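Notes follow the structure.
Chain naming here is simple, since letters A, B, ... match the order of the sequence lines and numbering starts at 1 in each. Quick caveat: nothing in here was measured; it's all calculated off a predicted structure. Both backbone and side-chain heavy atoms feed into the values below; hydrogens, waters and symmetry mates do not.
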Amino acid sequence: MRIATWNVNGLRARLDFVAHWLKARQPNVVGLQELKLQDAEFPHEFFNDLGYTALVHGQKSWNGVAILTNGHAELTQTGLPGQDERGSRLISADIEGGINFTTVYCPNGKTLEHADYPGKLDWYDSLLDHWQAAEHDARVLCGDFNIVPEAQDTWRGDAALGDIFHTDAERQRLQAIKNTGLVDLFREKYPSEQQFSWWDYRGGAFHRKQGLRIDFLLAAPSVANQVSDVVIDRDYRKKQDGLTASDHAPVFVDLAV
DNA sequence: ATGGCTCTCGCGGAGAGA
């Protein structure tokens, strides 16, 4: 089974690009973030024609998450309890293989001085509470976390320490999530490789190798033990057939189930 | 030092993203 996470930066603008990727990689389950559309605007038929069904938690203009699958999925959660005012950023479903799958679009925070920054930390505290309250042996938490875990996950290395995305306060929140028993599947397979999942559109950042690794698939040990491959699909950060890419690459793992 | 892209809304330019 192949499961993936991808911040598409606007699903309507990315529709043909996403279809291109689905055909090429044939994932079984995909967590999507930054749909930037409402539930009623979700192009279900478009995905049905590609063999996928979707569970959607949308919002006008901003945020929005969904789960695509070419198998069976049963919705178990929409929205992070207590954080409705920060937008549609979480959706969960029971998928095939007895796995509970959650995808999140964590708040950005903007700057250390902006009110969104303490809001980001508070959102993470709620995510930890929510995650700890649920019990499931085989679960996956994936998405755009908007936090750089370690110096090797940013092109700026130690020089970025203390900046937004790279603060101790943010890293402590991300670590607290992992401490509930989740493994960062990419980092487990590649302990010292520098690979990024996001590059700024501006200034040729992609070609300058100026990126961040902020998109993760985290999994409980019973799932992590089944992983055969982990791929940050940087080819799909490039134009495909003249279509514009998201500023995030898809990330996927293959499981032996 | 800054932000040169790209998205949305909506039809001009602004806000957000990371």
(request) Report the nucleotide, chosen from dG17(B), dT8(B), dA18(B), that has the shortest atom-to-atom distance to any side-chain atom of K36(A). (result) dT8(B)

(request) Please state whether the phosphate of dC9(B), meaning OP1 or OP2, lies under 4.0 angstrom from any side-chain nitrogen or oxygen of S61(A). (result) yes

(message) Between P on dC7(B) and CG on D144(A), what's the gap in Å once rounded to a whole number?
(response) 17 Å

(message) Rounded to whole Å, how long is the line connecting atom CH2 of W198(A) with atom P of dT6(B)?
(response) 13 Å

(request) Let me know the distance between CG of D247(A) and C1' of dG3(B), rounded to the nearest Å. (result) 14 Å

(request) Would you mind reading off the distance between Y201(A) atom OH and dC5(B) atom P, rounded to a whole angstrom? (result) 13 Å

(message) Does L212(A) reach a base, just sugar-phosphate, or nothing at all? Heavy atoms under 4.0 Å.
(response) sugar-phosphate

(request) State, without any angle test, whether T103(A) and Q33(A) hold a side-chain donor-acceptor pair at a distance under 3.5 Å. (result) yes

(message) From CZ of R156(A) over to C1' of dA18(B), roughly how many Å is that when rounded to an integer?
(response) 11 Å

(request) Grab the CZ-P distance between R202(A) and dT2(B) for me, whole Å please. (result) 12 Å

(message) Measuring only the P atom in each nucleotide, how far is dG12(B) from dT6(B)? A whole number of Å is fine.
(response) 23 Å

(message) Defining pairs by Watson-Crick or G-U wobble geometry with both distances under 3.5 Å, how would you list the stems of DNA chain B with at least three pairs each?
(response) B:5-9 with B:13-17

(request) Please work out if N63(A) contacts a base, only the sugar-phosphate, or nothing of the nucleic acid, heavy-atom cut-off 4.0 Å. (result) nothing

(message) If you assign E41(A) and T111(A) each to the DNA chain B nucleotide with the nearest heavy atom, which residue ends up on the more 5' nucleotide?
(response) E41(A)

(message) If I pick the C1' atom on dG15(B) and the same atom on dG10(B), what distance separates them, to the nearest angstrom?
(response) 14 Å

(request) Determine: side-chain N/O of K110(A) to OP1/OP2 of dA18(B), distance under 4.0 Å, yes or no. (result) no

(request) For I214(A), answer base if it contacts any base atom (sugar-phosphate contacts may also be present), sugar-phosphate if it contacts only those atoms, and nothing otherwise; contact means non-hydrogen atoms under 4.0 Å. (result) sugar-phosphate

(message) Regarding dA18(B), can its base be found pairing with the side chain of N146(A) as donor and acceptor, where the two atoms are less than 3.5 Å apart?
(response) no

(request) Show your reasoning for whether salt bridge (charged side-chain N to carboxylate O under 4.0 Å, His left out) applies to R171(A) and D168(A). (result) CA-CA 5 Å; R171(A) 287 174 170 172; D168(A) 287 341; 5.2 Å; no

(message) Side chain of T244(A) only, heavy atoms from C-beta on: which candidate in dA18(B), dG17(B), dT6(B) is closest?
(response) dT6(B)

(request) Can you measure from CZ (F196(A)) to CD (Q210(A)) and round to the nearest 0.5 angstrom? (result) 9.0 Å

(request) Rounded to the nearest angstrom, tell me the gap between atom CD in Q38(A) and atom C1' in dC9(B). (result) 12 Å

(message) Quick check on dA18(B): is either OP1 or OP2 less than 4.0 Å from any side-chain nitrogen or oxygen of N108(A)?
(response) yes

(message) Are V230(A) and L217(A) packed together at the side-chain level, in the sense that at least one heavy-atom pair is separated by less than 4.5 angstrom?
(response) no

(request) Before giving the answer on ring-ring contact (aromatic ring centres under 6.0 Å, His included), spell out for F17(A) and Y236(A) the whole-Å C-alpha distance, their side-chain angles and the decisive distance to 0.1 Å. (result) CA-CA 9 Å; F17(A) 195 95; Y236(A) 276 83; 5.7 Å; yes

(message) Measuring from the side chain of W62(A) (C-beta onward, heavy atoms only), which nucleotide among dA16(B), dA18(B), dT6(B) has the closest atom?
(response) dA16(B)

(message) If I pick the P atom on dA18(B) and the same atom on dA1(B), what distance separates them, to the nearest angstrom?
(response) 25 Å

(request) Could you check G10(A) against G203(A) and say which one's nearest nucleotide on DNA chain B is further toward the 5' end? (result) G203(A)

(request) Flag the pair L127(A) / L90(A) as yes when at least one side-chain heavy-atom distance between them is below 4.5 Å, and no otherwise. (result) yes

(message) Would you say Y105(A) places a side-chain N or O within less than 4.0 Å of OP1 or OP2 belonging to dA18(B)?
(response) yes

(request) Indicate whether OP1 or OP2 belonging to dA18(B) is found under 4.0 Å from a side-chain N or O atom of H248(A). (result) yes

(message) Would you measure the distance from the P atom in dG4(B) across to the matching atom in dA14(B) and give it in whole Å?
(response) 13 Å

(message) Can you see whether W123(A) has R173(A) sitting over its ring - NZ or CZ less than 6.0 Å from the centre and within 45° of the normal?
(response) no

(message) Using whole Å, what does the distance between atom C1' of nucleotide dC7(B) and atom CZ of F17(A) come to?
(response) 15 Å

(request) Compare side-chain N and O positions of R12(A) against OP1 and OP2 of dT6(B) and report whether any pair is under 4.0 Å apart. (result) no

(request) Please examine the side chains of Q240(A) and W21(A), heavy atoms only from C-beta on, and report whether any two atoms are closer than 4.5 Å. (result) no

(message) Looking at every heavy atom in both L141(A) and L182(A), which two are closest together, and how far apart are they?
(response) CD2-CD1, 4.0 Å

(message) With a 4.0 Å limit, can you tell me whether N9(A) has a side-chain N or O closer than that to the phosphate oxygens OP1/OP2 of dT8(B)?
(response) no

